[in-house]
**Q** 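Could you have a look at this structure, given as structure tokens, before my questions?
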Amino acid sequence: MSYTALYRKFRPDEFEDVKGQDAIVKTLKNQIKAERIGHAYLFCGTRGTGKTSVAKIFAKAVNCEHPADGSPCGECAACRAVASGASMNVIEIDAASNNGVDNIREIREEVAYRPTEGRYKVYIIDEVHMLSIGAFNALLKTLEEPPEYVIFILATTEAHKIPVTILSRCQRYDFKRITIDTISARLTELIEKEQWDVEEKAVRYIAKAADGSMRDALSLLDQCAAFYIGERLTYDHVLEVLGAVDTAVFSRLLREVIAMDVRRVIKTVEELVMQGRELSQLASDLTWYLRNLLLVKGSGEMEDILDVSTENLAQLKEEAQMLDNDTLIRYIRVFSELTNQLKYATQKRVLLEVTLIKLCCPAMEVSRDALLDRIRAVEKQLEEGLPERPARDRAYGGERGGPPQAEAAKPKLPEALSEDVKTVAQNFRTIVNDISPMLKTYLKKAKLSAGEGNRLLIVCPDEMGASVVGTKEHKAEIEAQIQEKIGKQVEIEVRQVEAGRRFEDQYADLENLQELIHMEITVED
Ligand SMILES: [Zn+2]
């Protein structure tokens with residue numbers, strides 16, 4: 001036996017089965033009852049909201065021999081002909097593939113003939129915004145003087161693409177996105193009919209993921225059910241099939257961001273990637289999670305609006321206390337922007353990581369860093385006087401004839417550089433040997449220099465590296481390794497090279513330890 005997709009099997013064939021468009025259904029039924037039927041209708045709205053279904057039921061109702069309360073009886077010859085697709089009175093046209101002038105001219109010729117049986121010829125033109133300008137003009141001529149036995153129903157997801165001349169001749173109906181509650185109720189109804197065993201939480205998640213489209217909801221349910229035929233379909237199964245993530249993970253991720261724990265955050269992302277979770281979906285769900293937090297923060301009585309269990313609600317309330325409104329709104333903005341970016345991105349993981357790291361390190365501003373560096377450089381120059389100006393500057397000065405490289409090639413140890421820092425630099429490879437792999441990756445690209453007050457300066461080539469290496473925990477980790485491996489207490493300082501500048505240029509006045517000690521500072525994997 002072949003399997004029929006749910007959305008085909010349960011396509012509504014009477015007005016009562018259409019969910020979430022009550023106002024539209026009521027108006028159309030009233031028109032049928034009062035026999036005040038228009039000649040041109042425009043149905044607009046997002047996909048899967050019931051436009052074509054309503055159009056077909058309406059077409060059936062206007063031709064029905066015994067309509068009851070504006071609804072088609074479903075039993076007369078006319079109703080059965082429409083239901084089986086055999087009726088000559090209901091003509092469906094997909095404008096996406098029939099968008100030329102000739103297609104519309106054909107309709108105009110047909111329209112001249114009265115229906116052989118029944119009262120109305122109903123033309124349903126789907127995706128009508130796809131018609132060419134010529135086709136619209138041809139259609140307009142028919143709409144201007146429609147025979148009394150013709151009804152046009154134009155359906156579109158993009159009403160703004162329809163010429164005003166056409167719009168002005170149609171009764172317009174805007175189909176709303178269907179609410180989560182309505183979709184859930186419909187899904188539950190169908191699950192009962194199919195005698196499936198589906199966890200309620202799973203149904204709610206599918207309804208939410210469908211984003212207002214009943215057709216998408218049915219397709220998603222189909223997709224999930226196909227994976228677990230004969231088994232109880234649980235929330236976890238649905239998450240797995242859709243590549244989505246449980247809310248517990250968002251809670252964890254958020255707490256890690258609030259704690260500014262870059263290391264943990266990156267680890268969590270790693271786990272999610274390993275589990276094959278879809279990162280665009282993750283960003284979108286996370287935005288939704290943050291929105292719930294904002295609602296909880298706004299008012300304590302949001303239980304019925306929020307789609308969460310009681311234990312999750314307690315957690316949300318706790319997290320809402322951890323953040324102020326401005327930060328929360330900023331987070332929501334950041335993640336909704338990220339959701340859009342991820343749709344078209346190839347390096348989804350990197351984008352997600354960078355975003356999370358930025359949230360962890362709000363103070364990490366390129367410009368501020370650069371400014372501090374300049375002040376430090378000026379201070380140093382003032383301390384040491386003009387002769388100590390870097391070789392680079394001198395080359396542009398009056399000594400053009402002399403060989404400035406000769407001096408630069410023999411760097412001296414700065415007096416400030418302690419033996420300890422030197423030892424650390426020389427043994428850096430050993431020191432970082434046991435450091436966590438992620439941190440090691442970033443250290444690999446960094447260079448070492450002498451910092452103020454006998455500190456070891458680690459200079460990263462980019463913001464990402466500096467923000468990862470520069471967290472409190474990571475600095476502590478490196479310092480602990482120094483202590484353990486060579487028994488010295490050396491403080492470290494992390495900076496990044498200013499955008500567009502080379503390490504050598506920016507730190508020309510600080511000595512580059514790497515050149516100084518004539519050794520390659522490498523970090524093994
Ligand atoms: Zn009928």
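Read the numbers this way: they start at 1 and go in the same order the structure lists the ligands and their atoms. Values in this document were obtained by computation on a predicted structure and should not be read as measured data.
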**Q** May I have all residue pairs that pass ring-ring contact (aromatic ring centres under 6.0 Å, His included) and include part of residues 52-91, sequence neighbours excluded?
**A** Y41-F58
**Q** Between E148 and R114, does any side-chain N to carboxylate O distance fall below 4.0 Å?
**A** yes
**Q** Cut-off 3.5 Å, side chains only: do E158 and T156 have a donor facing an acceptor?
**A** no
**Q** Report the C-alpha distance between E256 and R252 in whole Å, list the side-chain angles of each, state the deciding distance to 0.1 Å, and finish with yes or no for salt bridge (charged side-chain N to carboxylate O under 4.0 Å, His left out).
**A** CA-CA 6 Å; E256 287 165 357; R252 197 173 101 201; 3.6 Å; yes
**Q** What protein N/O/S atoms lie closer than 2.8 Å to the Zn ion (ligand 1)?
**A** C64 SG, C73 SG, C76 SG, C79 SG
**Q** Whether the side chain of Y123 engages the backbone of L154 through a donor-acceptor N/O pair (distance < 3.5 Å, no angle test) should be reported.
**A** no
**Q** Should the pair D285-K208 be classified as a salt bridge under the 4.0 Å nitrogen-to-oxygen rule?
**A** no
